[in-house]
Amino acid sequence: MKSIATAKMRGQASNNHQPDFGTYHHSTPRASQKIREKVKILFMRVFRNLPFARDDSLKILDVGCGLGFLSCVCAEYYPKARIIGFDTFKHASLKESSLAKTNNNAKILGFSERIKFQKGDVFSSDYSKGNFDLFVSNLVLHNLGRKRINAYERLAYWMTPKSYLVLGELFFDYKTDFRRLTSLFGNVQKIHCFNIGRQYKMLVLSDPKK
């Protein structure tokens with residue numbers, strides 16, 4: 001199994017032995033790689049403070065998995081976890097995304113037996129019966145515009161009283177989003193983020209109000 005920290009996460013892989021996690025919209029391959037390096041550190045820092053042991057057999061859902069970067073981060077940190085990642089694989093926010101490339105990334109890193117990727121979106125899919133321990137999402141929901149509020153509601157509906165959601169997002173209207181999130185979750189914790197972007201924030205949410 002390769003560590004994502006040592007794998008070369010280029011926007012365009014030079015060969016089939018390196019994962020290709022793509023280039024973010026309005027970014028460059030190098031800048032996208034730098035963002036992912038910072039995001040990985042943030043998520044792993046949060047994972048250390050969740051009430052799960054690293055060797056727990058968790059069920060994890062990656063919402064808007066893109067080319068599988070965050071799913072692979074979860075698989076690396078939790079070696080016994082089973083992960084499902086879903087995405088439309090169509091949005092322009094991540095260039096040249098596809099289910100085939102996503103599966104290939106997990107295979108290159110040795111995670112394909114524990115990660116399952118599938119096509120879907122937050123509105124037409126229903127993971128409420130999955131009993132997931134952990135939900136993760138990064139740089140996805142802001143692309144939905146005003147519908148992101150409905151996406152928050154969907155995630156709260158899918159979660160159990162013991163689930164956690166780690167959300168890394170660009171919040172262009174943070175007060176509005178925070179107000180809605182606190183109405184949906186009993187616990188909303190803001191994580192200190194180093195420089196990814198002025199509007200990037202990471203939240204840990206739990207205790208969904210149903």
Engineer: Rounded at 0.5 Å granularity, tell me how far CG in D62 sits from CD1 in I83.
Structural biologist: 8.5 Å
Engineer: Which atoms form the tightest heavy-atom contact between E113 and R82, and what is the distance?
Structural biologist: O-NH1, 2.6 Å
Engineer: List the residues meeting side chain to side chain donor-acceptor pair (under 3.5 Å) with N138, not counting sequence neighbours, and say none if there are none.
Structural biologist: Y200
Engineer: Return the set of residues passing side chain to side chain donor-acceptor pair (under 3.5 Å) with T88 (not counting sequence neighbours), or none when no residue passes.
Structural biologist: none
Engineer: Looking only at heavy atoms, what is the nearest atom pair of G22 and R36, with distance?
Structural biologist: O-NH2, 2.9 Å
Engineer: So which atom in G120 and which in S125 form the shortest heavy-atom distance, rounded to 0.1 Å?
Structural biologist: CA-OG, 3.7 Å
Engineer: Any donor-acceptor pair under 3.5 Å linking the side chain of R54 with the backbone of P79?
Structural biologist: no
Engineer: My understanding is that only residues two or more places apart in sequence, or in another chain, count here; which of them pass salt bridge (charged side-chain N to carboxylate O under 4.0 Å, His left out) with R154?
Structural biologist: none
Engineer: Is Y152 close to L205 at the side-chain level, that is, under 4.5 Å between some pair of heavy atoms?
Structural biologist: no
Engineer: Does atom NZ (K38) have a neighbourhood of more than 12 heavy atoms from anything else shown, all under 6.0 Å?
Structural biologist: yes
Engineer: Are there more than 12 heavy atoms of other residues, nucleotides or ligands under 6.0 Å from atom NZ of K175?
Structural biologist: no
Engineer: Please find the pair of heavy atoms, one from S71 and one from I115, that lie closest to each other, and give the distance.
Structural biologist: O-CD1, 3.7 Å
Engineer: Kindly give the heavy-atom pair with the smallest separation between L67 and S97, and that separation in Å.
Structural biologist: CD2-CA, 4.0 Å
Engineer: How would you list, by chain and number, every residue that makes a ring-ring contact (aromatic ring centres under 6.0 Å, His included) with F117, sequence neighbours excluded?
Structural biologist: none
Engineer: Quick one: list whatever passes side chain to side chain donor-acceptor pair (under 3.5 Å) with D121, sequence neighbours left out.
Structural biologist: S124
Engineer: Rounded to the nearest 0.5 Å, what's the gap from CE on M44 to CD on E76? Could you check?
Structural biologist: 4.0 Å
Engineer: Just jot down the side chain to side chain donor-acceptor pair (under 3.5 Å) partners of S137, sequence neighbours excluded, or say none.
Structural biologist: none
Engineer: Does the ring center of Y77 lie less than 6.0 Å from the ring center of F43?
Structural biologist: no
Engineer: Between S32 and S27, what is the shortest heavy-atom contact and its length?
Structural biologist: OG-OG, 3.1 Å
Engineer: Is it the case that atom OH in Y157 sees more than 12 heavy atoms from other parts of the structure closer than 6.0 Å?
Structural biologist: no
Engineer: In chain order, what residues pass the ring-ring contact (aromatic ring centres under 6.0 Å, His included) check against Y24, with sequence neighbours excluded?
Structural biologist: none
Engineer: Tell me whether F172 shares a hydrophobic cluster with V140, the cluster being built from Ile, Leu, Val, Met, Phe, Trp, Tyr side chains joined at under 4.5 Å.
Structural biologist: no
Engineer: Check for me, please, whether Y127 and L155 land in the same ILVMFWY cluster - side-chain distances under 4.5 Å, paths through other members count.
Structural biologist: yes
Engineer: Tell me every residue that passes ring-ring contact (aromatic ring centres under 6.0 Å, His included) with F52, counting only those two or more places apart in sequence or in another chain.
Structural biologist: Y164
Engineer: Please answer: with hydrophobic residues joined when any side-chain heavy atoms are less than 4.5 Å apart, are I191 and I35 in the same cluster?
Structural biologist: yes
Engineer: Which residues pass the side chain to side chain contact (heavy atoms under 4.5 Å, CB included) test with D55, sequence neighbours left out?
Structural biologist: A53, K80
Engineer: With R180, which residues qualify under side chain to side chain contact (heavy atoms under 4.5 Å, CB included), at least two apart?
Structural biologist: I149, E153, S183, L184
Engineer: Of all residues at least two apart in sequence or in a different chain, which pass the side chain to side chain contact (heavy atoms under 4.5 Å, CB included) check with S163?
Structural biologist: F135, M159, T160
Engineer: Identify, with sequence neighbours excluded, every residue that meets side chain to side chain contact (heavy atoms under 4.5 Å, CB included) alongside Y174.
Structural biologist: F171, F178, K190, K201, L203
Engineer: Got a second to check how far L109's CG is from Q18's CD, nearest 0.5 Å?
Structural biologist: 8.5 Å
Engineer: Would L94 and D87 count as a side-chain contact (heavy atoms from CB on, under 4.5 Å) here? Give the steps.
Structural biologist: CA-CA 11 Å; L94 187 64; D87 202 295; over 6 Å; no
Engineer: Is there side-chain contact between I196 and L42, with heavy atoms separated by less than 4.5 Å?
Structural biologist: yes
Engineer: Before you tell me yes or no, could you show the steps for F47 and V136 under side-chain contact (heavy atoms from CB on, under 4.5 Å), namely the whole-Å CA-CA distance, both residues' side-chain angles and the distance that decides it to 0.1 Å?
Structural biologist: CA-CA 11 Å; F47 292 163; V136 296; 4.2 Å; yes
Engineer: Show the numbers, then the answer: is there a side-chain contact (heavy atoms from CB on, under 4.5 Å) between I60 and D133?
Structural biologist: CA-CA 6 Å; I60 301 174; D133 303 289; 5.9 Å; no
Engineer: Is the number of heavy atoms from other residues, nucleotides or ligands within 6.0 Å of CZ (R48) greater than 12?
Structural biologist: yes
Engineer: Got a second to check how far F89's CZ is from L99's CG, nearest 0.5 Å?
Structural biologist: 4.5 Å
Engineer: Starting from L167, can I reach V188 by hopping between I/L/V/M/F/W/Y residues whose side chains sit under 4.5 Å apart?
Structural biologist: yes
Engineer: Just how far is it from atom CG of N187 to atom CG of L165, taken to the nearest 0.5 Å?
Structural biologist: 12.5 Å
Engineer: Working to the nearest 0.5 Å, report the span between SG of C65 and CD1 of I84.
Structural biologist: 10.5 Å
Engineer: Taking 4.0 angstrom as the limit, do E169 and R148 come out as a salt bridge?
Structural biologist: no
Engineer: Can you get from F86 to L139 by hopping between Ile, Leu, Val, Met, Phe, Trp and Tyr side chains that sit under 4.5 Å apart?
Structural biologist: no
Engineer: So do the side chains of K40 and F69 get within less than 4.5 Å of each other, counting heavy atoms only?
Structural biologist: yes
